[in-house]
Amino acid sequence: MKAQLKPRINLEDRTALETVIPLDTPFIVFVDPASSCNFKCTFCPTGHRDMIAETGRYQGAMKYDVFTKVIDDLGAFEKPIKVLRLYKDGEPFLNKRFADMVRYAKSKDYIEYIDTTTNGTFLTPDRIGPVLEAGIDKINISVDGMTVEQYMQFTGFKFDFPKFIENVKWIYENKGNTEISIKIPGELITEDQKQEFFDTFGDYCDRIFIENFAPCWPEFDIEKHTGVKITKGIYQQEIGSTDTCPYIFYGCSVNADGLVSSCFLDWGRKLIIGDARIQSMQEIWNSDKMNALRLQHLEGRRCENQTCGNCGQLTHCLPDSIDAHRPMLLEKFKQMVKLDPSVRAPGGTRIPAPIAAE
């Protein structure tokens, strides 16, 4: 097998966050090319159409002018953005201008790295070729079964699995400098199929991994929706306990309609901190709403927050922890950040959907 047996995120050589936060410039910015998905996965909130309808969130593709404004805004930060992550709630390739988005962002010298994650439906040469040519740095490909029947069972989609394998091989042969990562939730396949997964894809990607399901989305009971009992972390690690979310200190997420969430797991739109269509990204990053949420976590009041208090990301998926440094960081934060005491942290009420983007 040519590929490294390695998770899609880098667990080694990570920055000691306690030495750099508060950050003037986010390390990671998520931008969602499309909030909708053609799959109806049981293990993902977006796959539950009724639940998404109840949130009132916009379902569709991001307008290109909204995207370019966000990218232009990122140039105002003091330092470059380390990672632009072009995915969040939906399938990125549902946005027909996805290649243009990658090309535009790659033209900016203040964005160091661009990646995405896809369910693989649209990875045909005519769709993925322009994205590779645009210079995307990494593509994470999610595999959701090893047979057409398994795909139908877990995603509700009649997936052409043999054609998908052909497309993956084409991508690997034509990827240039793009890194290809392939992963699958182990709960979707049998023990025998795990070796079949490695045999099928191991020579056609740069890294490959069998993950676990994780209760990462707040207020979404993945065990209830899948019938799977979760006993390990997403990267096969032991389940831990974390009180302070590090993500809100080094990243934020732009939803497909332009509303900005403090967290990439905000599927219900309860952690909205701004609107990139009418505010600058720098203004939103330093906003009282964002800082009120950070302060809430540093003061040990995370569980007062309806959304953050029910987040399994902190127990099952977290690569970093700043818990041991919280007293020091709290004092540092109070000295460096001037916060309006009347502003409350987001986390309990859904934000009404804006006028739908075209």
Side-chain angles (χ1 to χ4, degrees), residues 30-63 66-67 85-96 98 116-122 140 142 144-145 151-159 185 188 213-228 230 234 247 252-277 305-313 316-317 346-358:
F30 285 75
V31 178
D32 200 10
S35 59
S36 54
C37 187
N38 55 328
F39 280 12
K40 297 180 181 179
C41 297
T42 58
F43 48 86
C44 173
T46 301
H48 294 263
R49 304 290 196 263
D50 54 341
M51 295 177 62
I52 298 305
E54 290 177 4
T55 69
R57 87 181 195 196
Y58 165 67
Q59 287 288 87
M62 175 177 279
K63 288 183 176 180
V66 173
F67 178 81
R85 196 143 278 167
L86 294 181
Y87 70 93
K88 182 179 178 284
D89 293 315
E91 168 51 46
F93 282 83
L94 284 174
N95 192 313
K96 295 180 180 180
F98 185 66
T116 193
T117 294
T118 174
N119 64 28
T121 309
F122 304 101
N140 299 299
S142 297
D144 294 311
Y151 263 87
M152 180 60 70
Q153 178 184 353
F154 293 109
T155 73
F157 189 85
K158 190 175 181 181
F159 191 69
L188 299 183
F213 279 154
C216 51
W217 289 285
E219 301 177 304
F220 179 80
D221 191 337
I222 192 171
E223 291 186 339
K224 176 183 176 182
H225 289 293
T226 63
V228 173
I230 297 172
I234 190 171
Y247 294 111
C252 62
S253 302
V254 185
N255 298 300
D257 53 16
L259 292 178
V260 181
S261 295
S262 62
C263 175
F264 66 98
L265 297 166
D266 183 28
W267 66 274
R269 304 298 186 265
K270 291 186 175 182
L271 297 172
I272 299 298
I273 54 172
D275 188 336
R277 295 167 300 181
N305 187 311
Q306 179 180 330
T307 303
C308 296
N310 291 283
C311 179
Q313 184 79 5
H316 291 69
C317 311
T349 305
R350 291 190 176 98
I351 301 299
I355 298 173
E358 294 177 356

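Checking side-chain atoms of W267 against main-chain N and O of P218 turns up a donor-acceptor pair under 3.5 Å. Panel note: side chain D266, backbone K270; a donor-acceptor pair is recorded below 3.5 Å. In terms of modelled atom types and a separation under 3.5 Å, the side chain of N95 and the main chain of P33 share a donor-acceptor contact. Judged purely by atom type and a 3.5 angstrom limit, N119 has no side-chain atom pairing as donor or acceptor with the backbone of F39. Without hydrogens or angle criteria, S35 side chain to Y58 main chain gives a donor-acceptor distance under 3.5 Å.
You'll find the ring centres of Y247 and F264 inside the 6.0 Å limit. Taking the centre of each ring, Y151 and F159 come in below the 6.0 Å mark.
Between F30 and V254, every side-chain heavy-atom pair lies at or beyond the 4.5 Å cut-off. In this structure the side chain of C37 reaches within 4.5 angstrom of the side chain of T46, judged on heavy atoms. Inter-residue side-chain proximity for P215 and H316 is flagged as met; some heavy-atom pair is nearer than 4.5 Å. The shortest distance between side-chain heavy atoms of T117 and Y87 falls below 4.5 Å. Considering only heavy atoms from C-beta on, T42 stays 4.5 Å or farther from Q153 through its side chain. Annotation: side chain of L188 is in contact with side chain of F43 (closest heavy-atom distance under 4.5 Å). Side chains of H48 and K40 form no contact here, defined as non-hydrogen atoms less than 4.5 Å apart.
With values rounded to the nearest 0.5 angstrom, M51 atom CE is found 9.0 Å from E219 atom CD. To the nearest 0.5 Å, the span separating CG on D89 from SG on C44 amounts to 7.5 Å. Note that CG of L259 and OG of S253 are 12.0 Å apart. Values are rounded to the nearest 0.5 Å.
Nearest heavy-atom pair, P92 versus G90, reported as atom, atom and distance to 0.1 Å: CD-O, 3.4 Å. The two residues V66 and R277 have their closest heavy-atom pair at CG2-CG, 4.0 Å. Contact record, K88 with C263: CE-O, 3.7 Å, taken as the closest heavy-atom pair. Scanning all heavy atoms of the two residues, the minimum distance from E223 to I230 falls at OE2-N, 2.8 Å. A pairwise comparison of heavy atoms in L271 and T307 identifies CD1-CG2, 3.9 Å as the closest pair. Contact record, T55 with I52: OG1-O, 2.6 Å, taken as the closest heavy-atom pair.
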Are C216 and C317 close enough, and set up right, to give a side chain to side chain contact (heavy atoms under 4.5 Å, CB included), and what steps lead you there?
CA-CA 7 Å; C216 51; C317 311; 3.9 Å; yes

Using the side-chain hydrogen bond (donor to acceptor under 3.5 Å, both in side chains) rule, take T121 and N38 through it: C-alpha gap first, then chi angles, then the decisive distance, then the call.
CA-CA 9 Å; T121 309; N38 55 328; 3.2 Å; yes

Working for side chain to side chain contact (heavy atoms under 4.5 Å, CB included), residues N310 and W217
CA-CA 8 Å; N310 291 283; W217 289 285; over 6 Å; no

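Remark: the D144 side chain and the T155 side chain contain no N/O donor-acceptor pair separated by less than 3.5 Å. A side-chain donor from one of S261 and N255 sits under 3.5 Å from a side-chain acceptor of the other. Remark: the S36 side chain and the E91 side chain contain no N/O donor-acceptor pair separated by less than 3.5 Å.
Ionic pairing of D32 and R85 is not present here: no N-O contact between side-chain nitrogen and carboxylate oxygen is shorter than 4.0 angstrom.
Ring-plane geometry between F220 and H225 is classed as parallel, the angle between the planes falling under 30 degrees on a 0 to 90 degree scale with a further cut at 60.
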